[in-house]
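In what follows, chains carry the letters A, B, and so on, assigned in the order in which the sequence lines appear, proteins first and then strands, with residues in each chain numbered from 1.
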Amino acid sequence: MSASPSSIPVPKTPVRVRIAPSPTGDPHVGTAYIALFNLAFARSHGGQFVLRIEDTDQKRSSSESEAAILKSLSWCGLQWDEGPDVGGPYGPYRQSERSDLYIAHCEQLIASARAYRCFCSAERLTEVRAAQRAAGVDWRYDGHCRNHDPAASKARADTGETHVIRLAMPTEGTTAVPDALRGAVIYDNHRVDDQILLKSDGLPTYHLANVVDDHLMEITHVIRAEEWINSTPKHMELYDAFGWEPPVFIHMPLLRNADKSKISKRKNPVSLDYYQRSGILPEAFVNFLSLLGYSMPDEREVFTFAEFVADLDLSRISLGGPVFDRVKLEHINGLYLRAMTPAQLANRAAAWLEEDGRQEAIAELVQERVPTLASWNQQIDMFHRGTVSWGEDARHLLVGCGSRKKKSVRLDAKRSRLMFEDLIAQLEALKPWQRDGIEAALRASVTKAGALIGDGFMAVRVAISGSTASPGLFESIETLGRAVTLVRLRAAVDWLRGKGHLETEIAGLEKRLAALRTSQERLIEAQSAGGRFDPREN
RNA sequence: GGCCCCAUCGUCUAGUCAGGUCCAGGACAUCGGCCUUUCACGCCGACGACGCGGGUUCAAAUCCCGCUGGGGUCACCA
């Protein structure tokens with residue numbers, strides 16, 4: 001190791017780090033970003049990288065999402081040493097399979113009076129919260145159940161009365177959170193809430209599960225996003241209550257949208273599927289990610305993961321939140337592509353199409369529309385790109401406005417936008433991602449918007465395919481996949497909102513208009529010049 | 001709003017910890033040019049930043065304080 005991390009403490013025990021995604025949606029770029037730094041740190045110290053699934057939210061977690069996350073991290077080449085699929089000596093690696101552990105640990109905390117049972121109803125909590133808000137003070141649990149006699153509380157619990165278990169946070173003093181990049185961050189204990197550790201469904205919250213698991217799995221460094229830093233005093237308190245040595249905390253800066261807010265699906269494609277589908281090479285993607293908030297000692301920008309590991313020094317992380325710039329990503333990707341031999345490029349392109357796994361589904365969709373094999377590429381194009389450009393067909397995004405039907409209801413930009421937003425909300429929640437559900441969502445949204453079914457479908461068709469002509473709409477959306485579909489629908493919303501896309505569109509059209517005028521003038525000049533050319537004059 | 005974090009070109013960043021070699025370097029984007037049958041690539045060039053105000057010092061992008069700005073967080077979600 002040439003550069004041993006200068007300011008990151010490394011204990012004597014083997015370095016063990018983890019990525020702990022919650023399987024509640026599409027695989028997120030932020031997950032890959034944090035996984036990358038964890039893996040690299042583990043590798044640079046010859047340690048292990050653990051994948052742990054934090055599926056303690058029964059309502060939102062799905063095995064579908066878990067599978068997608070595993071698949072996407074693998075695509076990135078961020079392979080874990082231990083995890084739910086590969087096993088390992090510290091399993092199980094799925095928190096939903098570790099319930100007994102959390103309950104047992106909670107009992108230990110209750111026994112030592114570092115936690116207590118709370119029987120407060122959601123209604124009471126809401127009232128207290130409202131009162132505190134009215135009084136202009138911070139919301140914090142008011143300690144109603146904290147001083148109940150533990151034996152009495154236990155008796156109530158034994159009768160089956162629903163309750164949660166809360167952390168008995170000290171009401172005085174301060175807690176120092178030692179962050180390896182920021183130094184000690186000091187919190188006043190009286191401002192820290194009596195966090196719920198065990199929910200009434202018997203499953204732990206993140207705070208408890210993450211501390212218990214990190215300890216039992218012997219995690220030495222917690223490298224996670226900065227959004228967690230404010231809950232770390234609770235975690236410190238837990239480590240103290242258990243009598244455990246806390247790991248080294250390293251809070252990474254948050255990835256940002258162009259407006260500097262925390263990266264979000266509203267403003268950026270955040271699904272890893274999207275980047276895979278739109279033809280980003282995983283090695284280029286990971287290279288780009290490693291440039292965010294980090295720089296190599298010699299300012300190299302293009303390097304392999306192995307080189308990244310070899311020169312890794314987490315103390316070089318800069319804490320300002322980096323904007324996730326897709327333009328730069330594509331630049332890096334282009335560099336990789338151009339560095340290949342033609343044979344390699346051809347192979348990668350073919351492999352990309354192949355790994356995609358939708359060949360047959362797409363063939364089925366475009367079959368009727370390919371008079372010759374030569375039209376194949378053109379027909380499948382919409383399935384293999386991230387975004388589409390609507391060009392002049394954009395007017396169809398205004399529902400009904402491109403229609404020639406007499407009965408058409410023309411929705412203005414706002415109402416069209418609301419239809420798309422409604423559709424997006426439905427599709428985000430749609431499980432499973434299949435034709436019939438998609439059709440139902442589509443029909444519901446268009447009907448709700450009060451437009452003709454056909455007009456609404458046309459608007460969606462243009463939004464997702466970029467054209468008024470496309471294969472079957474529901475099947476196309478199913479095949480397109482959730483990630484890409486949602487990015488395109490959100491782009492339509494942006495366009496309708498008149499921000500970004502609309503301006504871009506206008507600028508583009510103005511440029512095109514100017515170009516057309518110029519070429520028209522030149523044509524006229526050329527024609528008149530030709531007109532003057534009369535061979536008979538010679 | 002309370003608390004916490006952060007602050008160099010539009011963007012990613014080097015430089016900040018060990019103050020002088022920085023009237024601030026590189027990359028992306030943008031603009032101009034070259035190359036070229038076109039486009040792209042490539043090459044050359046231009047534009048462009050230490051948020052503001054105090055202080056410490058012979059000397060501050062670098063250290064200290066204040067302000068401003070941005071972000072995060074305040075759930076029986078993670």
Side-chain angles (χ1 to χ4, degrees), chain A residues 6-7 20-25 28 30-31 52-61 95 118-122 125-126 129 132-133 136-141 162-166 174-175 177 179 181-210 224-234 251-263 288-302 315-335 337-339:
Chain A
S6 52
S7 69
S22 174
T24 53
H28 199 276
T31 306
R52 182 173 74 220
I53 297 296
E54 308 230 331
D55 56 350
T56 56
D57 184 340
Q58 291 184 99
K59 278 160 286 201
R60 296 198 303 149
S61 296
Q95 290 184 332
C118 171
F119 300 87
C120 291
S121 65
L125 258 23
T126 310
R129 203 169 308 199
Q132 289 180 335
R133 173 183 289 234
V137 292
D138 296 351
W139 154 247
R140 223 165 304 127
Y141 178 63
T162 61
H163 65 283
V164 299
I165 293 171
R166 286 182 184 273
T174 58
T175 296
V177 170
D179 180 277
L181 301 176
R182 284 159 257 256
V185 182
I186 311 297
Y187 292 86
D188 285 328
N189 289 154
H190 75 270
R191 290 184 188 285
V192 181
D193 201 9
D194 279 5
Q195 186 59 235
I196 290 177
L197 301 176
L198 204 70
K199 300 178 278 184
S200 56
D201 64 3
L203 292 179
T205 57
Y206 168 85
H207 307 282
L208 203 229
N210 128 82
R224 79 218 310 185
E226 190 183 0
E227 59 188 329
W228 293 111
I229 200 165
N230 289 332
S231 54
T232 313
K234 295 165 186 170
H251 289 98
M252 296 288 293
L254 250 24
L255 261 23
R256 310 290 185 93
N257 297 312
D259 65 3
K260 290 280 187 180
S261 57
K262 175 166 94 168
I263 196 165
F288 168 69
L289 247 27
S290 65
L291 254 19
L292 299 178
Y294 188 75
S295 62
M296 289 293 238
D298 60 357
E299 289 198 76
R300 247 175 313 158
E301 289 203 317
V302 180
S315 70
R316 289 186 60 81
I317 289 168
S318 60
L319 296 173
V323 171
F324 187 95
D325 181 2
R326 285 196 284 156
V327 176
K328 179 86 177 237
L329 166 62
E330 288 191 12
H331 167 74
I332 302 271
N333 200 56
L335 254 25
L337 255 12
R338 272 172 252 128

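T232(A) places a side-chain heavy atom less than 4.5 Å from the side chain of R224(A). Residues Q132(A) and D138(A) form no side-chain contact, since every pair of their non-hydrogen atoms from C-beta on lies 4.5 Å or further apart.
One finds a side-chain N or O of R316(A) lying less than 4.0 angstrom from the OP1 or OP2 phosphate oxygen of rG15(B). Under 4.0 angstrom from either OP1 or OP2 of rU13(B) there lies no side-chain N or O belonging to K328(A). At the phosphate of rA78(B), OP1 or OP2 sits under 4.0 Å from a side-chain N or O atom of T56(A).
Between the R316(A) side chain and the S295(A) main chain, a donor and an acceptor come within less than 3.5 Å of each other. Side chain of R52(A) to backbone of Q95(A): no donor-acceptor contact under 3.5 angstrom is found. For the pair R166(A) (side chain) and D194(A) (backbone), a donor-acceptor distance under 3.5 Å is present. Within the 3.5 Å criterion, the main-chain N or O of H190(A) finds no donor-acceptor partner in the side chain of D188(A). Within the 3.5 Å criterion, the main-chain N or O of Q195(A) finds no donor-acceptor partner in the side chain of D193(A). D298(A) places a side-chain N or O within 3.5 Å of a backbone atom of R300(A) that can act as its donor or acceptor partner.
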* Structure fact -> Readout for nucleotides 66-75 of chain B: B = base within 4.0 Å of protein heavy atom, S = sugar-phosphate only, - = neither; 5' to 3' it is ----SSBSSS
* Base versus backbone protein contacts along nucleotides 38-50 of chain B [heavy-atom cut-off under 4.0 Å; B, S, -] -> ---SS--------
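Atom P of rA59(B) sits at a distance of 16 Å from the matching atom of rC23(B), rounded to the whole Å. A distance of about 31 Å separates the P atoms of rA24(B) and rC67(B), rounded to the whole Å. Between rG54(B) and rC44(B), the distance separating the two C1' atoms is 45 Å to the nearest Å. The gap from the P atom of rA60(B) to that of rU21(B) amounts to 11 Å, rounded to the nearest Å. Comparing the C1' positions of rC65(B) and rU56(B) gives an interatomic distance of 11 Å, to the nearest angstrom. Rounded to whole Å, the C1' atom of rG70(B) lies 22 Å from the corresponding atom of rA14(B). Annotation: rA27(B) and rG71(B) have their C1' atoms spaced 25 Å apart (nearest Å). Rounded to whole Å, the separation between the C1' atoms of rU30(B) and rC9(B) comes to 12 Å.
Using a 4.0 Å heavy-atom distance criterion, R60(A) is classed as a base contact. Among the atoms of the strands shown, only primed sugar atoms or phosphate atoms (P, OP1, OP2) are found under 4.0 Å from some heavy atom of E54(A). No engagement by P233(A) is indicated, since no non-hydrogen atom pair under 4.0 Å with the nucleic acid exists. Residue F288(A) is out of contact with every strand shown, counting any heavy-atom pair closer than 4.0 Å. At the heavy-atom level, V164(A) lies under 4.0 Å from base atoms of the strands shown.
Listed here is the closest heavy atom pair of S318(A) and P253(A): O-CG, 3.6 Å. The minimum heavy-atom distance linking E301(A) with L291(A) is given by the pair O-CD2, 3.6 Å.
I263(A) has its CD1 atom 22 Å from the P atom of rA78(B), to the nearest Å. As rounded to whole Å, 9 Å separates atom P of rC3(B) from atom CG of D188(A). Taking atom NZ of K59(A) as the reference point, atom C1' of rC77(B) lies 9 Å away to the nearest angstrom. Put simply, CD on E330(A) is 12 Å from C1' on rA29(B), counting in whole angstrom units. In this structure, L292(A) places its CG atom 16 Å from C1' of rA14(B), rounding to the nearest Å. For Q95(A) and rC77(B), the CD to P distance is 13 Å, given to the nearest whole Å. A straight line from CD of E299(A) to C1' of rC9(B) spans 14 Å, rounded to a whole angstrom. Across the protein-nucleic acid pair, L181(A) atom CG and rU16(B) atom P stand 16 Å apart, rounded to whole Å.
Comparing atom distances between the S295(A) side chain and each of rC4(B), rC28(B), rA14(B) picks out rA14(B) as nearest. In the set rC77(B), rG26(B), rC5(B), the nucleotide with an atom closest to the side chain of E301(A) is rG26(B). Here rC76(B) is the nucleotide among rC76(B), rC12(B), rA78(B) with the atom lying nearest to any side-chain atom of L125(A).
Other residues, nucleotides and ligands contribute at most 12 non-hydrogen atoms within 6.0 Å of the CZ atom of R133(A).
Residue order along RNA chain B, read from the 5' end via each residue's closest nucleotide, puts G320(A) first among G320(A) and D325(A). Both L198(A) and I317(A) lie near RNA chain B, and the one whose nearest nucleotide falls closer to the 5' end is I317(A).
rC74(B) is paired with rG1(B) under the criterion used here, namely a Watson-Crick or G-U wobble arrangement in which both key atom distances are under 3.5 Å. Here rG19(B) sits opposite no nucleotide as a Watson-Crick or G-U wobble pair (both hydrogen-bonding atom distances under 3.5 Å). Across the strands present, rC39(B) finds no partner; the criterion is a Watson-Crick or G-U wobble pair with both atom distances under 3.5 angstrom. The nucleotide rG45(B) finds its pairing partner in rC31(B), both defining distances of the Watson-Crick or G-U wobble pair being shorter than 3.5 Å. The partner of rC52(B) is rG66(B), by the rule that a Watson-Crick or G-U pair needs both atom distances under 3.5 Å.
A side-chain N or O of N230(A) and one of Y187(A) form a donor-acceptor pair less than 3.5 Å apart.
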